[in-house]
Number of protein chains: 2
Amino acid sequence: MSKTVVLGHKNPDTDSITSAIVYAYLKNQVGHEAEAIRLGDVTEETAFALEQFKVEAPRLVTALEQAEQPVILVDHNEFQQSIDGIEDAHILEVVDHHRIANFETADPLYYRAEPVGCTATILLKLFKEHGVEVPQNMAGLMLSAIISDSLLFKSPTCTEQDIKAAKELEAIAGVDAQEYGLNMLKAGADVSSKTIEE
Amino acid sequence: MSKTVVLGHKNPDTDSITSAIVYAYLKNQVGHEAEAIRLGDVTEETAFALEQFKVEAPRLVTALEQAEQPVILVDHNEFQQSIDGIEDAHILEVVDHHRIANFETADPLYYRAEPVGCTATILLKLFKEHGVEVPQNMAGLMLSAIISDSLLFKSPTCTEQDIKAAKELEAIAGVDAQEYGLNMLKAGADVSSKTIEE
Ligand SMILES: [Mn+2]
Ligand SMILES: [Mn+2]
Ligand SMILES: [Mn+2]
Ligand SMILES: [Mn+2]
């Protein structure tokens with residue numbers, strides 16, 4: 001059986017990229033060999049977060065090459081949002097915060113969904129449940145995901161749990177969430193600045 | 001919005017009946033008003049467990065009367081195994097240990113599935129996560145479910161986690177799992193004994 005891959009959805013946002021990285025890290029810490037992959041380009045916003053916390057982008061993989069490939073899905077569950085070939089994969093786990101639809105498995109699995117604003121908020125709970133310490137760079141990536149999905153805590157999907165998680169992560173990451181968050185969101189929105197400067 | 005109902009599958013086994021009772025108890029303890037219901041007759045095996053731990057069977061309800069009824073599913077997720085009218089319900093949560101299929105929701109939800117042998121094994125974790133003490137009768141019901149689903153720890157679906165949970169529950173319930181379990185399974189299997197005695 002080949003190594004488990006951890007992946008977010010197509011057209012990946014910051015939560016999909018960073019949750020794949022962070023959950024693969026956690027799985028490796030608990031002795032389950034896993035590699036984060038991504039299904040598409042890293043956005044400017046996500047690139048800003050990866051650079052800030054000095055973490056490499058996951059490897060780009062757009063289709064599963066073998067049946068029964070062990071996979072873990074984060075930040076999505078619907079097959080049409082997932083990697084090509086997902087129908088033939090062995091889905092070991094899902095960690096997500098969306099409705100469930102267009103999803104099924106042949107076997108029992110670990111499925112953890114919560115009605116919160118961001119996958120990272122659930123991942124922080126999983127670190128605690130496994131008794132694994134959150135390193136500074138992983139905290140920074142989780143904080144970035146919450147800021148991105150919640151538009152700096154302003155989205156109606158943002159819950160008290162997301163805000164509480166972000167406060168904890170802010171302290172570990174060693175950044176000011178408001179200042180860092182504005183710069184990160186600006187990096188994503190700011191296509192014009194380059195044109196003006198250049 | 002009417003009170004949340006907690007329900008197991010059609011043709012309920014011991015796990016479906018007791019997990020509905022136990023999870024409704026836990027929800028009420030954390031301030032979410034909930035009532036266990038059942039979709040069918042209580043088996044002899046389940047009746048033995050309920051009598052042993054002095055707990056009433058849930059109310060029989062076979063169809064949801066109103067759309068958007070808030071429901072929590074335990075021990076199943078597939079709609080064809082669930083209550084009539086489930087397609088129009090508001091599914092708040094699922095706690096289960098089966099594959100996922102023929103299931104979808106309109107909204108984000110709390111979904112907790114783990115690849116273990118019994119729903120009760122997951123429920124014991126939820127008591128701990130919520131910091132709620134397990135009373136003697138609820139421990140007895142959860143132990144009964146694990147014994148039933150695992151055929152007294154002999155089924156290939158029984159995991160180390162189920163055995164560990166059963167040991168903990170045995171101590172709280174104040175029964176010997178082997179002795180009590182054999183009697184419970186016998187009560188379920190033993191249709192002949194009555195005919196002989198009567
Ligand atoms: Mn996303
Ligand atoms: Mn997300
Ligand atoms: Mn069952
Ligand atoms: Mn069961």
Side-chain angles (χ1 to χ4, degrees), chain A residues 4 9 15 30 32 70-82 86-87 89-119 121-122 124-131 149-150 155-159 161-162, chain B residues 4 9 15 30 32 70-82 86-87 89-119 121-122 124-131 149-150 155-159 161-162:
Chain A
T4 299
H9 53 74
D15 191 23
V30 299
H32 180 149
V71 301
I72 294 175
L73 307 185
V74 293
D75 196 38
H76 76 295
N77 65 84
E78 303 196 37
F79 281 0
Q80 75 275 19
Q81 300 168 0
S82 199
I86 188 66
E87 293 82 0
H90 183 198
I91 304 174
L92 299 178
E93 302 190 21
V94 177
V95 181
D96 189 23
H97 64 116
H98 297 94
R99 77 177 190 128
I100 298 175
N102 308 307
F103 178 83
E104 70 168 24
T105 62
D107 299 299
L109 75 164
Y110 181 88
Y111 197 111
R112 180 72 168 259
E114 301 197 19
V116 293
C118 184
T119 306
T121 301
I122 308 167
L124 179 59
K125 293 188 189 190
L126 295 183
F127 272 88
K128 290 176 185 175
E129 289 171 23
H130 287 290
D149 270 5
S150 73
S155 159
T157 60
C158 183
T159 70
Q161 292 192 54
D162 299 299
Chain B
T4 299
H9 53 74
D15 191 24
V30 299
H32 180 149
V71 301
I72 293 175
L73 309 185
V74 293
D75 196 38
H76 75 294
N77 67 84
E78 303 196 36
F79 281 0
Q80 75 274 20
Q81 300 169 0
S82 199
I86 187 67
E87 293 81 0
H90 182 198
I91 304 174
L92 300 178
E93 301 190 20
V94 177
V95 182
D96 189 24
H97 64 117
H98 298 95
R99 75 175 191 131
I100 300 176
N102 307 307
F103 177 84
E104 71 167 23
T105 63
D107 298 300
L109 76 163
Y110 181 87
Y111 197 112
R112 180 74 168 257
E114 301 196 19
V116 293
C118 184
T119 306
T121 301
I122 307 167
L124 179 59
K125 293 188 190 189
L126 296 182
F127 273 87
K128 291 177 185 175
E129 289 171 21
H130 287 289
D149 270 6
S150 74
S155 159
T157 60
C158 183
T159 70
Q161 292 192 54
D162 300 298

- Quick one: does B:T105's side chain have a donor or acceptor within less than 3.5 Å of a partner on A:I100's backbone?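 Side chain of B:T105 to backbone of A:I100, a donor-acceptor pair under 3.5 Å: yes, one is there.
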- Task: Go through the structure and list residues passing side chain to side chain donor-acceptor pair (under 3.5 Å) with B:Q161, not counting sequence neighbours.
- Result: B:K125
- Identify the heavy atoms of B:H97 and A:P108 that sit nearest to each other, and give their distance. O-CB, 3.7 Å
- Using salt bridge (Lys or Arg N to Asp or Glu O under 4.0 Å) as the criterion, list what pairs up with A:E129, not counting sequence neighbours.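 Checked A:E129 against salt bridge (Lys or Arg N to Asp or Glu O under 4.0 Å); matches are A:R112.
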- State the CD1-CZ distance between A:I91 and B:R99, to the nearest 0.5 angstrom. 12.0 Å
